[in-house]
Chemist: 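Input: one structure, supplied below.
None of the values given here were measured: they were computed from a predicted structure.
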Amino acid sequence: MRSFAFKGFLWSLFLLTGSVFAQSTLPVQSTVPRKPATPITTDVLSRTAISVSGTSTGAVSTLTTALAQSPATDTLPVFTAEEFYQAVLQYHPIVRQAALLNQAAQAQLQQARGAFDPRLFSTYNRKNFGNTLYYDKWQSGLAVPIWPGGLDVKMTYDRNTGKYLNPENNVPSTGLIALGLSVPVTQGLLIDARRNTLRQAQLAINLADADRISLINKTLLDAAKAYWNWYLGYQQFRWVERGYQLAQTRFVAVRQRALIGDAAPIDTTEALITVQDRLVSFQQAVVDLQNARLSLTTFLWSSQEGTTPQPVDLPLTVIPQAAPPDQPSQVQLQDLLGRAAQQHPELIKLVNKQQQLTIEERYRRALLLPKVSLEASLLSRGPLPEVAYDGSSSYGFQSDNHKVGVDLAFPLFLRAERGKLRQIQFQNQQTGLERQQTGRDISNEVQRSWNELVTFEKQISTQQQIVANQQTLVQAEVNKFQLGESSLFLVNSRETKLIDLQVKLEELRAKHQKALASLWYAAGSNVGTR
């Protein structure tokens, strides 16, 4: 009678075991709400009650205790991937550092524009010796560079006196006003050093923006991998913990049976070995989950406006979202390939670098021309204090009152100029070839990432069928054990295999999400802004 009662107890126990694993084969995402994530505010991650103090370096037992004492999984706060990506985009120091690249390029552009700033100048020289004023010379003026044609507009005022003044510096007593132009006729007419520097600085902004996007994309890719590693660690922890608890329950039942004499004491050894084996796996799962959480927290920061970013910690009871069943189509693949060909940061950098080299090549070609500059100024006497100024007088701005000059320079061999030009031409050709190869590599990388993504989708579908079939085997083995046609060893083996298959399914789901992040990265974008 007692043996019959105990068999009934075991039948109930294994029926409960079968029902538990029948529930475990349900898709995990069914326990996670699918409502859209709320955009992150300044209080980043406030929905998951994450504190800004402390670290994730607590003992392993702390994590186990916190999860064990927490409510059911369905009610635990979920930190979604979208919330995580938005937090990284808004507060991560590397993302903020990327924004500084564009600001630095803007500062470089401002510096290049300084070459076209109007310039005030004044020169004063005086010599007095032996009670004799040799000369007293003062020249002041305004020079205004003009972008088109490389012109310089200059207005000067000269006032010179003295006993030994050079005759060419003699001016009227009221001074001499000159208004003129300096025009490069050959070299410097279409492009000069100032315009070359300014145009390259303008292109440098595009380069800096491409570097910024590239740095953000790389940060988001690493963050996505960290998030789905956390997801895998949590799912592995769940399944291993469930198997460990079931093994403990069986061991207690077998031990009780041995104590009342319905089983030999040696029967408890097999149940104990299963408990110990799953305990080792459970301890490793706890450590893996702890390390995955640490890797995730390196991407979590928070700060108020104008303050220094502070590290943010996840509470031990916050869990990741379920892996969404994303299935991109061929239309999305073509869209990604087109986007990669037009907007990939590496291609943008090479295009702008090639444009910079083209501008530099034009400038170096201009240096092969003779340097001829014309200067012409209209002259006028300064107004007399005792009479009204009449610009039409013979001392006003008339065509006869002028000053002209020609400046000519030409190196005979031009070896330095020709050598530099050839160097720039070679660099331009190399950049063009690199651009072609990079475009091909990017296209292949997008296609490779797409192939991996599609393969993972097929593997997940197959693995789900395997898990369902293994569940059927577990249930059948339990039924046979209840009829006395099986053993505890076979039930434990089937159950262990089911746990391994379920963990592998979660691993495939994590790899699928990582492949999706890699696909967007290969196309020059990221999963946070897709």
Chemist: Kindly write out the residues that satisfy side chain to side chain donor-acceptor pair (under 3.5 Å) with Ser140, not counting sequence neighbours, or none if the list is empty.
Modeler: Ser122, Trp138
Chemist: Kindly write out the residues that satisfy side chain to side chain donor-acceptor pair (under 3.5 Å) with Tyr85, not counting sequence neighbours, or none if the list is empty.
Modeler: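 Only Trp228 meet the side chain to side chain donor-acceptor pair (under 3.5 Å) criterion with Tyr85.
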Chemist: Looking at Arg195 and Leu190, would you say the former's side chain and the latter's main chain have a donor-acceptor pair under 3.5 Å?
Modeler: yes
Chemist: Return yes if some donor-acceptor pair links the side-chain N/O of Glu83 with the main-chain N/O of Thr80 below 3.5 Å, else return no.
Modeler: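 Here the side-chain-to-backbone pair exists.
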Chemist: Taking Gln427's backbone N and O only, do any of them form a donor-acceptor pair with Thr431's side chain (distance below 3.5 Å, no angle check)?
Modeler: yes
Chemist: What residues form a side-chain contact (heavy atoms from CB on, under 4.5 Å) with Leu215, not counting sequence neighbours?
Modeler: Ile94, Ala98
Chemist: Return the minimal non-hydrogen interatomic distance between Ser182 and Glu375, and the atom names on each side.
Modeler: OG-CG, 3.8 Å
Chemist: Quick one: does Gln187's side chain have a donor or acceptor within less than 3.5 Å of a partner on Leu369's backbone?
Modeler: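 It does hold such a pair.
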Chemist: Applying side chain to side chain donor-acceptor pair (under 3.5 Å) as the test, list every pair that has at least one member in residues 103-114; sequence neighbours left out.
Modeler: none
Chemist: Hey, does Leu203 have a side-chain heavy atom less than 4.5 Å from the side chain of Ile359?
Modeler: yes
Chemist: With a 4.5 Å heavy-atom cut-off, do Leu220 and Leu89 have their side chains touching?
Modeler: yes
Chemist: Using atom types as modelled, flag every donor-acceptor pair under 3.5 Å from a side chain in residues 143-159 to any protein atom, sequence neighbours excluded.
Modeler:
unit_1	atom_1	unit_2	atom_2	d
Asp152	OD1	Arg194	NH1	3.3
Tyr157	OH	Thr174	O	2.8
Asp158	OD1	Gln139	NE2	3.0

Chemist: Check step by step if side chain to side chain contact (heavy atoms under 4.5 Å, CB included) holds for Leu347 and Thr438.
Modeler: CA-CA 7 Å; Leu347 288 179; Thr438 301; 4.1 Å; yes
Chemist: Do Lys514 and Asn229 come within less than 4.5 Å of each other through their side chains, counting heavy atoms only?
Modeler: yes
Chemist: Distance from Phe116 atom CZ to Thr197 atom OG1, nearest 0.5 Å?
Modeler: 8.5 Å
Chemist: What orientation do Trp301 and His92 show, parallel under 30°, tilted 30 to 60°, or perpendicular over 60°?
Modeler: perpendicular
Chemist: Which heavy-atom pair separates Leu142 from Pro118 by the least distance, and what is that distance?
Modeler: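 Where Leu142 meets Pro118 most closely, the heavy atoms are CD1-CB, 4.3 Å.
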Chemist: Among Glu241, Gln236, Arg242, find the one that has a side-chain contact (heavy atoms from CB on, under 4.5 Å) with Phe282.
Modeler: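 Answer after filtering Glu241, Gln236, Arg242: Glu241.
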Chemist: To the nearest 0.5 angstrom, please state how far the CG atom of Leu109 sits from the CD atom of Gln202.
Modeler: 5.5 Å
Chemist: Restricting to non-hydrogen atoms, name the atom on Leu453 and the atom on Leu519 that form the minimum distance, rounded to 0.1 Å.
Modeler: CD2-CD2, 3.9 Å
Chemist: Listed by chain and number, what are the side-chain contact (heavy atoms from CB on, under 4.5 Å) partners of Ala366, not counting sequence neighbours?
Modeler: Ile191
Chemist: Answer whether the closest heavy-atom distance between the side chains of Leu221 and Ser518 falls below 4.5 Å.
Modeler: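 Side-chain contact under 4.5 Å: yes.
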Chemist: Can you sort out the partners of Arg339 under side-chain contact (heavy atoms from CB on, under 4.5 Å), two or more places apart, ordered by chain and number?
Modeler: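 Partners of Arg339 by the side-chain contact (heavy atoms from CB on, under 4.5 Å) criterion, ordered by chain and then number, come out as Asp335, Gln343, Trp520, Ser525.
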Chemist: What donor-acceptor contacts under 3.5 angstrom involve side-chain atoms of residues 408-424, with partners at least two apart or in another chain?
Modeler:
unit_1	atom_1	unit_2	atom_2	d
Arg418	NE	Phe413	O	3.3
Arg418	NE	Leu414	O	3.4
Arg418	NH2	Phe413	O	3.0

Chemist: Scan for side chain to side chain donor-acceptor pair (under 3.5 Å) pairs involving residues 205-219, sequence neighbours excluded, and state none if there are none.
Modeler: Asn206-Asn352, Asp209-Arg212, Asp211-Lys349, Asn217-Asn526, Lys218-Asp222
Chemist: Knowing that exactly one of Glu346, Gln354, Gln430 qualifies, which makes a side-chain hydrogen bond (donor to acceptor under 3.5 Å, both in side chains) with Arg435?
Modeler: Gln354
Chemist: Rounded to the nearest 0.5 Å, how far apart are CG of Leu508 and NZ of Lys458?
Modeler: 14.5 Å
Chemist: Where do Leu314 and Phe79 land on the side chain to side chain contact (heavy atoms under 4.5 Å, CB included) test, with the steps shown first?
Modeler: CA-CA 9 Å; Leu314 285 170; Phe79 182 29; 3.6 Å; yes
Chemist: Report yes if some heavy atom in the side chain of Gln447 is under 4.5 Å from a heavy atom in the side chain of Leu333; otherwise report no.
Modeler: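 Touching, per the 4.5 Å side-chain cut-off.
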Chemist: Which heavy atom of Ala340 sits nearest to which heavy atom of Ile442, and what is that distance?
Modeler: CB-CG2, 3.7 Å
Chemist: Look only at the side chain of Thr297 and the backbone of Leu300, and say whether a donor-acceptor pair between them is shorter than 3.5 Å.
Modeler: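 Not a single qualifying donor-acceptor pair exists.
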Chemist: For Ala208 and Ala105, work out which heavy atoms get closest and say how close.
Modeler: CB-CB, 3.6 Å
Chemist: Rounded to the nearest 0.5 Å, what's the gap from OH on Tyr363 to CD on Gln200? Could you check?
Modeler: 10.5 Å
Chemist: Within this structure, what is the NZ-OG1 distance for the pair Lys353 and Thr358, rounded to the nearest 0.5 Å?
Modeler: 12.5 Å
Chemist: Could you list the residues that satisfy side chain to side chain donor-acceptor pair (under 3.5 Å) with Asp441, not counting sequence neighbours?
Modeler: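 Residues passing side chain to side chain donor-acceptor pair (under 3.5 Å) with Asp441: Gln437.
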Chemist: Tell me, which pairs form a ring-ring contact (aromatic ring centres under 6.0 Å, His included) where one or both residues lie in residues 189-227, sequence neighbours left out?
Modeler: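 Output for this query lists Phe84-Tyr227, Tyr227-Trp230.
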Chemist: State, yes or no, whether a side-chain contact exists between Gln464 and Val467 at a heavy-atom distance under 4.5 Å.
Modeler: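 A side-chain contact under 4.5 Å is absent here.
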Chemist: Listed by chain and number, what are the side-chain contact (heavy atoms from CB on, under 4.5 Å) partners of Glu507, not counting sequence neighbours?
Modeler: Leu232, Lys511
Chemist: Do you know which of Arg362, Arg364, Gln356 makes side-chain hydrogen bond (donor to acceptor under 3.5 Å, both in side chains) with Glu360?
Modeler: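 Single side-chain hydrogen bond (donor to acceptor under 3.5 Å, both in side chains) partner of Glu360 among Arg362, Arg364, Gln356: Arg364.
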Chemist: Applying side chain to side chain contact (heavy atoms under 4.5 Å, CB included), run through His512 and Glu457 and close with a yes or a no.
Modeler: CA-CA 7 Å; His512 178 266; Glu457 291 174 0; 3.2 Å; yes
Chemist: Which distance, rounded to the nearest 0.5 Å, do you find between the CG of Asn401 and the OG of Ser380?
Modeler: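 Answer rounded to 0.5 Å: 7.5 Å.
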Chemist: Using distance alone, with no hydrogens and no angle criterion, decide if Glu506 and Tyr231 have a side-chain donor and acceptor under 3.5 Å apart.
Modeler: yes
Chemist: Side-chain contact, heavy-atom cut-off 4.5 Å: Lys371 with Thr186?
Modeler: no
Chemist: Whether the side chain of Asn196 engages the backbone of Asp192 through a donor-acceptor N/O pair (distance < 3.5 Å, no angle test) should be reported.
Modeler: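 Here the side-chain-to-backbone pair does not exist.
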Chemist: For the pair Thr298 (side chain) and Ser295 (backbone), establish whether a donor and an acceptor sit closer than 3.5 Å, ignoring hydrogens and angles.
Modeler: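 Flag set: sc Thr298 to bb Ser295 pair under 3.5 Å.
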Chemist: Specify the closest pair of heavy atoms between Arg509 and Ile460, including all atoms of both residues, with the distance to one decimal.
Modeler: CA-CD1, 3.8 Å
Chemist: Are any non-hydrogen side-chain atoms of Leu100 and Arg96 less than 4.5 angstrom apart?
Modeler: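 The answer is no, as the side chains (C-beta and beyond) never meet within the 4.5 Å cut-off.
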Chemist: Output, in order, the C-alpha distance, side-chain angles, deciding distance and verdict of side chain to side chain contact (heavy atoms under 4.5 Å, CB included) for Glu452 and Thr455.
Modeler: CA-CA 5 Å; Glu452 287 186 355; Thr455 301; 5.6 Å; no
